[in-house]
Amino acid sequence: MTSPPSGSEAAAAVPSAGFDRLAEPVRRWIWDQGWRALHDIQDRAIPLILDGDDDLIIAAATAGGKTEAVFLPLLSRIATRDRPGSGFDLVYVGPLKALIDDQFGRLDQLCERLAVPVHRWHGDVSAGAKARARKDPDGILLITPESLEALFVLRGAEIPTLFGATHGIVIDELHALLDVERGIHLRSLLNRLDLALRRPVRRIGLSATLGDMDLARAYLRPADPARVIVLESRAEGQELRLQVRGYAVRVPRDPGSEPAPDADGDPDTDDEEAAADRAIAGHLAKVLRGSRNLVFAGSRQSVEAVADRLRRSCEDAQVPNEFFAHHANLSRDHRGFVEDRLKRGETPATAVCTSTLELGIDIGAVESVAQIGPPFTVASLRQRLGRSGRRAGQPAILRLYIKEKSQDANQHILDALRVGLVQAIAMVDLLIEGWCEPPRPQALHLSTLVHQVLSVIAERGGATARGLFHVLCRTGPFSGVDPATFAAVLRRMGEPDVALIEQVSDGTLLPGKAGERQIEHYGFYAVFRTEAEYRVVRDGQTLGTLPVSFPVVPEMTIIFSGRRWRVLDVDEKTPTILVAPDARGRPPRFGGDASDLHDTVVARMRDVYRRDDHPAYLDPTARRFLSEARATFRRRGLAASSILTEGGDETVLVPWRGTVATETLALALTAVGLPATPWGLAVMVRAPEDKVRAALGALAERAPDPLALAACARTLMREKFHPFLDRPLLERDYASARLTVAAVPDMATALLTGDTRSEDRR
DNA sequence: GACCTGCTGCGGGCTG
C-alpha cells in the first residue's frame, strides 16, 4: 500500500497493482491530481511498459487516458535512468501542432517534478528553442512527422547523437497515419531511425479508431507484427442517443417557371434545396441553442451556408450569436476564438465544422454532435461521436440530417434508391457493432518513394542505388516495390529533363539541379500536395483563405467565416482579396476529392434494402424514405438481378461493392470498348444489355490486366511528386492504389448469375 | 463527388 505524501489534500487515489509500481514522484503527481482511480487501460499498460520492450498499440476511446497510460510508466523508467543528457529519452510524434501544444501542457508540469525536460518541436516553435534542444538533447521530444523529416534532411549526421538514448517512440492518432501518404512517410522515418541507431526503437501507437488490429500491427512493425501487443480498453457501455432525420427536397413541377426571389433578397433561396436547408437549420437552431455542440456539415461550402443561416436565426430571434464556422480556410485567430469559447464553456457555443474538429485537440465536452449528410466513413463517424458525452453519466447524442429528392416519375434510379439515407443507416449499424474501415495496404506509393529517395540522399550526403533499395524497400515501407520498378524510378529521377538525382563516377547518387531546388525549399518536408490560395482581408485583418481555383471578381458577394461580404478588389500578385460587409452572399466552392466507400459498407447497404424492419432511430420522414427506397429496390428487381436497362441504350450495373471495386469494373468494361462510368454504387454503361452481358461473360473468365485498365484512367497525377514520374510508372502506381482486378471475375459472375448472397463477412 | 495535416534559414529592422 502507498500512503499519500504528507500535506496532500487531494482525494486519495485507490492503489492498484499498476499504481504501486510507478516511480514515487509519478505516484505523488497522481495523488495531487485528485484522481480516484487509474483507468483500466492505464492499469494494464503499466506492467507491460515497465517490464518489457515490446511494441504496443493502445486502443481506447477519445479522452480514455491513453497518453497517461503510456507516459506514466515511461516516465517512471526515465526517473531511474542512469545517463541523463545523452539524447532524447522518449519521442512523441503527433500529427497536429495543436495536439503537440496540448500534450506539452499536460506533460510539462508532471515532468518538472521529475526534472525531465520536455521539448516541443514544430513549425511554430522558435529557432532558439530548437537550437537549445539540439545542443542538449534530453528528456521528451514532442515532434511532427515533417519536423522529424527536416531533422533527417538538415541534421542527418546528428541523428545518432540526438536519438542515441531513445528507448521509446509514441505515435499518437495512429489511425490518421496508416496507409495515407503521411503515414507511409512516418513509417519510412521510423525505419531510418532504427537503421541509423543500429537497433529497433520500441514503438507505441495510440488510437481510438482502428478497424483491423492485425493490419495495425503490421503497420506499426512490418518486420515483426506478431510481437506487437494490442491493449484494447473494455468498453464502458456508454449510452448513445441517436436520431436520423429525413428532409425532402422538392423537385419543381414546372421547370419553365422562374422561382420568385426571396423576400430578404436572399439569392440562394431560389432553389428547392434551400427549403430543405432552411428546415434543417431551423431544427438545429431550436435544439442546439443555449448549449455546446458540434455540427459536422460535410464540406466547407456547406459549413459556410449553415453557419450563415444559424447566425441569422439568432439575429431574427434578437439574441447574441452562438453559432460559428470552423474549417481549415478560416484564420487561426478565428479558429482559436471558436475553440476557446467551446472549451471555456461559460457561454453557449456551437461550431459548424469540417473534420478540423474531428481529431485529438481538447475542446472539452460537448453536449451533442450533429452530422449533415451521410458520413464519409464509419471511422470518422466514430471519431466525431467521441466528441460528445465525455462527462461521466452523460449520454453521447448524435443527430444525422439526410436530404433526399421527393419522388417523381422521371426520377433517376439512384435518387429513387435513397442512397444517402441507406448509407447513413448502414454506417450507424456498423458503428454500433464496433466496426470501422481497415487500411488497404497494397499501394506502391511511388510519389512518397521519390521524396524519400531525395531525403535519404540528403541525410547521408549521397547514397548508392543498392543502399537506397535496402533502406526504403527491403526494410522500409515501400516493400511492394520490386527491384526493377525501383530501378525504373531511379532512372526516371536521373533523366536530364527531370534532374532530381545524378550519378557520379563511383556510382554514388547525389541530388541533381532540380533535386537540390526541391530539398532546399522548406516546402520539401511535407509529402502531401497543397493548393495555391488567396488571402481574404477585411480592413487589414485576415479572415482566412480561398483557393485560387474559385473565380472571384470585384462586386461579387460571398459568405465567408459565417458572414456576408462584397469583394472590393482582387490582387493577383500578393494574392489577396479585399472584402467589406454586405447583406448578400453565396458560399464559395472550395473543391476537394470524393471519398471511397468500403466493400463492407456497401454490402451492409444491400442488407438494409433487403430487410423489412425500420430502425427505431428514424424520424417519420426518414421512415418514409426507407420504405420508398425498399419499394424501388423490389420494383426494379434488384433483389434478384443487379443488371437494369435504362432506356434502350443504357445499362446500369449495381455490383454492390465499394468504390475501388466499382471503379475497377467500370474501367474493365471501358477497356473492352463499352464506355462505362462509375456513379456511386452503380456503373452506367452506354451499351445495350446483351452486349454488356457478353462482356461480363468474358470478364468472368479472366481478371483483366491492371496496366491495361490504368491506361484508360483519367487522372493519374494525384500526389505531390507524381509530376516527376513518367506514364508507365504513373500507371503502375495507379493500378496498385486504385484497382482491385482480382475482384473482377467474381463481380462479373455475380452480376450474370444474379447471385445475391451477402458479402457482409468481415 | 470531402475533409485534413506541415515547413527552415537568413537577413533586415527594431528595442533595450
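Atom set for the values below is all heavy atoms of this structure, side chains included, hydrogens, waters and symmetry mates excluded. Naming: A, B, ... by sequence-line order, numbering from 1 per chain.
Residue contacts for Arg335(A): at a heavy-atom cut-off of 4.0 Å it reaches the sugar-phosphate backbone alone, with no base atom in range. Within the nucleic acid shown, Gly523(A) comes within 4.0 Å of at least one base atom, counting heavy atoms only. Arg155(A) comes within 4.0 angstrom of the backbone, heavy atoms only, and of no base. Counting non-hydrogen atoms under 4.0 angstrom, Ser147(A) reaches the backbone sugars and phosphates but no base. Across all strands, His521(A) comes closer than 4.0 Å to no nucleic acid atom at all (heavy-atom distances). In this structure, Gly591(A) reaches the sugar-phosphate backbone alone: every heavy-atom distance under 4.0 Å involves primed, P, OP1 or OP2 atoms, never a base. Contacts of Ser595(A) with the nucleic acid, taken as non-hydrogen atoms under 4.0 Å apart, include base atoms.
Distance CD1 (Ile519(A)) to C1' (dC7(B)): 15 Å, rounded to an integer number of Å. With rounding to whole Å, Ile143(A) atom CD1 is found 9 Å from dT8(B) atom P. Straight-line distance from the CZ atom of Arg714(A) to the P atom of dG1(B): 14 Å, rounded to whole Å. In this entry the distance linking CH2 of Trp121(A) with P of dG6(B) reads 17 Å, nearest Å. Rounded to an integer number of Å, the gap from NE2 of His451(A) to P of dG6(B) is 15 Å. In this entry the distance linking CD of Glu358(A) with P of dC4(B) reads 10 Å, nearest Å. To the nearest angstrom, C1' of dG6(B) lies 16 Å from CZ of Arg120(A). Spacing between atom CD of Glu531(A) and atom P of dA2(B) amounts to 13 Å, rounded to whole angstrom units.
Closest to the Ser299(A) side chain, of the nucleotides dA2(B), dG9(B), dG6(B), is dA2(B). Comparing dC4(B), dG6(B), dT8(B) by their nearest atom to the side chain of Leu96(A) picks out dG6(B). With distances taken from any side-chain atom of Lys130(A) to the nucleotides dT8(B), dG6(B), dC4(B), the minimum falls on dT8(B). Checking dG1(B), dT5(B), dT8(B) against the side-chain heavy atoms of Thr356(A) singles out dT5(B) as nearest. Proximity note for Ala594(A) (side chain, C-beta onward) versus dC4(B), dC7(B), dG1(B): the nearest is dG1(B).
Ring orientation note: the planes of His412(A) and Trp679(A) are tilted relative to one another, at an angle of 30° to 60°.
Remark: ring of Phe528(A) stacked against base of dT5(B); centroid gap under 5.5 Å, plane tilt under 30°. Once the 5.5 Å centre distance and the 30° plane angle are applied, the aromatic ring of Tyr522(A) is found stacked with the base of dT8(B).
Here the OG-CZ distance, from Ser642(A) to Arg657(A), works out to 12.5 Å after rounding to the nearest 0.5 Å.
Of the two residues contacting DNA chain B, namely Pro95(A) and Phe376(A), the nearest-nucleotide position lying further toward the 5' end is that of Phe376(A).
Regarding contacts with the backbone of dC3(B), a side-chain N or O of Arg300(A) is found under 4.0 angstrom from either OP1 or OP2. Distances shorter than 4.0 Å separate none of the side-chain N or O atoms of Thr144(A) from OP1 or OP2 on dG6(B). OP1 or OP2 of dT5(B) has not a single side-chain nitrogen or oxygen of Lys97(A) nearer than 4.0 Å.
Between Phe478(A) and His445(A), the ring centre distance reaches or exceeds 6.0 Å. Side-chain rings of His327(A) and Phe590(A) approach one another, their centers coming within less than 6.0 Å.
Remark: Arg589(A) fails to qualify as a cation-pi partner of Phe550(A) under the 6.0 Å distance and 45° angle criteria applied to the six-membered ring. Under a cutoff of 6.0 Å and an axis angle of 45°, Arg192(A) and Phe152(A) form a cation-pi pair.
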